[in-house]
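All values below were derived from every heavy atom in this structure, side-chain atoms included, with hydrogens, water molecules and symmetry-related copies excluded. Residue indices begin at 1 and follow the sequence shown.
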Amino acid sequence: MRYFLDLSFKGTAYAGWQVQPDQPSIQGELEGVLSKIFDQHIPVTGAGRTDAGVHAHQIFAHFDAPKDLPERPFKAFNQMLPPDISVQRIIPVAKDAHARYDATSRSYRYFIHHQKDPMLYDRSFFFPFEVNRDTMEKGTQLLLGEIDFAPLSRHNPDLKHTRCTIHSAHWETLPETSQLVFHISANRFLHNMVRRIVGALLHIGVGKLSLDDWRLTLEEGKPLPINKTIPPQGLFLWSVQYPYI
């Protein structure tokens with residue numbers, strides 16, 4: 001029987017989603033728990049591979065159970081997992097359901113704070129500069145639609161193409177913390193793509209990158225004069241959508 005795990009995690013203590021030698025990973029923790037439950041190694045496939053320090057408000061993964069799940073599996077999972085990983089649901093799915101390839105849309109949020117706050121340091125990016133929100137919003141609207149994001153992602157020779165369709169993108173200010181939050185949803189994302197987009201928009205907001213240069217990058221693939229991957233701690237995979245969940 002194939003199952004989906006609906007889970008969340010704080011990525012600060014991990015080297016990312018994917019299992020890596022001698023380093024803690026989200027995938028490794030999940031496979032460790034499943035291996036104890038079933039007394040054999042159980043592979044886990046995630047909806048995506050988050051980098052070190054990146055968090056997930058919601059992410060899905062699938063595994064194949066060689067026998068029936070124990071009673072109250074939800075409770076068993078969370079008792080065995082570390083406190084920074086939590087399973088919200090365990091969902092039986094079809095045998096060919098796939099956590100990565102069946103996802104129709106993914107949404108990310110990137111959190112930024114302008115006043116130094118030790119309570120936010122590992123889940124928000126400290127950016128102590130004033131920004132022009134109007135200019136940033138203009139740059140954000142240029143993202144909508146299908147675009148080749150090769151100039152804004154890490155090169156991956158295994159990809160068939162680097163085009164993504166952005167469904168929505170906007171900024172929000174949280175009244176309780178005054179954090180600036182970037183929201184973006186798309187059919188797919190490339191490696192480092194969100195962190196480079198937010199970095200570019202912040203440079204637009206402080207006047208170090210022009211809207212014309214930004215437009216040329218998005219429309220013609222021209223490399224940016226400033227192309228920085230901002231830190232991972234502000235990034236959250238916020239939700240993943242499937243046609244059958």
Item to check | Positive for ring pair (Phe, Tyr, Trp, His ring centres under 6.0 Å) with Y108, one of W238, F236, F189 | outcome: F189

Checklist entry - Does any donor atom in the side chain of T162 or D148 lie under 3.5 Å from an acceptor atom in the other side chain? => result yes

Next on the checklist: Looking at H62 and A99, would you say the former's side chain and the latter's main chain have a donor-acceptor pair under 3.5 Å?
Outcome noted: yes

Checklist entry - Any donor and acceptor pair, going by atom type alone, linking the side chain of W171 with main-chain N or O of F182 inside 3.5 Å? => result no

Checklist entry - What heavy-atom pair brings G199 and I230 nearest, and what distance separates the two atoms? => result CA-CG2, 3.7 Å

Checklist outcome for this item: Looking only at heavy atoms, the pair that brings H98 and Y242 closest together is O-CE2, 3.8 Å

Item to check | Contact check, side chains of Y110 and I197, non-hydrogen atoms, under 4.5 Å | outcome: no

Next on the checklist: For a quick test of reading the model, state the closest non-hydrogen atom pair linking L144 to A169 and the distance between them.
Outcome noted: CD2-N, 3.8 Å

Checklist entry - Short question: side chain of N227, backbone of P151 - any donor-acceptor pair under 3.5 Å? => result yes

Checklist entry - Would you say S86 and L7 make side-chain contact, with heavy atoms under 4.5 Å? => result no

Next on the checklist: With a sphere of 6.0 Å drawn around CZ of R49, does it hold more than 12 non-hydrogen atoms of other residues, nucleotides or ligands?
Outcome noted: no

Checklist entry - At their closest point, which heavy atom of L224 faces which heavy atom of D213, and how far apart are they? => result CD2-O, 4.0 Å

Next on the checklist: Quick check: closest heavy atoms across L201 and T140, and the distance to 0.1 Å?
Outcome noted: CD1-OG1, 3.6 Å

Next on the checklist: Strictly below 4.0 Å, N to O, side chains only: are R89 and D6 in salt-bridge contact?
Outcome noted: yes

Item to check | Exercise: do T12 and Q233 side chains pair donor with acceptor under 3.5 Å | outcome: no

Checklist entry - Out of curiosity, does Y3 fall in the hydrophobic cluster containing I85 (side-chain heavy atoms, cut-off under 4.5 Å, transitive links)? => result yes

Checklist entry - Should we say atom CD of Q115 is surrounded by more than 12 heavy atoms from elsewhere, each under 6.0 Å from it? => result no

Checklist entry - Could you go step by step and tell me if D84 and Y14 meet the side-chain hydrogen bond (donor to acceptor under 3.5 Å, both in side chains) rule? => result CA-CA 10 Å; D84 47 10; Y14 300 93; 2.6 Å; yes

Checklist entry - Taking the side chain as C-beta and beyond, is there a heavy-atom pair between D102 and Y244 under 4.5 Å? => result yes

Next on the checklist: Taking R195 first and then D51, would you say they form a salt bridge - that is, a charged N and a carboxylate O separated by under 4.0 Å?
Outcome noted: yes

Next on the checklist: One thing to verify: whether K10 and D122 come together as a salt bridge, which I'm taking to mean a side-chain N less than 4.0 angstrom from a carboxylate O.
Outcome noted: yes

Checklist entry - So do S8 and Q88 actually touch side chain to side chain, heavy atoms under 4.5 Å? => result yes

Next on the checklist: Between S105 and R188, do the side chains contain a donor N or O and an acceptor N or O under 3.5 Å apart?
Outcome noted: no

Next on the checklist: Is it the case that the side chains of Q23 and S25 hold a donor-acceptor pair, with the cut-off being a distance below 3.5 Å and no angle test?
Outcome noted: no

Checklist entry - Side chains of V198 and F111: closer than 4.5 Å at any heavy-atom pair? => result no

Checklist entry - Looking only at atom types and distance, does a side-chain atom of Q27 sit under 3.5 Å from a main-chain N or O of V44, one as donor and one as acceptor? => result yes

Item to check | Check: S239 and S107 side chains under 4.5 Å, non-hydrogen atoms | outcome: yes

Item to check | Distance-only polar pair, side chains of R196 and T229, donor-acceptor under 3.5 Å | outcome: yes

Next on the checklist: Is it the case that atom CG in D68 sees more than 12 heavy atoms from other parts of the structure closer than 6.0 Å?
Outcome noted: no

Next on the checklist: Looking only at the side chains, is there a donor atom on one of Q179 and S124 sitting less than 3.5 Å from an acceptor on the other?
Outcome noted: yes

Next on the checklist: Any heavy-atom pair between the side chains of F149 and R163 that's under 4.5 Å?
Outcome noted: no

Next on the checklist: What I'd like to find out is whether the side chain of W17 reaches to under 4.5 Å of the side chain of V54, using heavy atoms alone.
Outcome noted: no

Item to check | T104 side chain vs Q241 backbone, donor-acceptor pair below 3.5 Å | outcome: yes

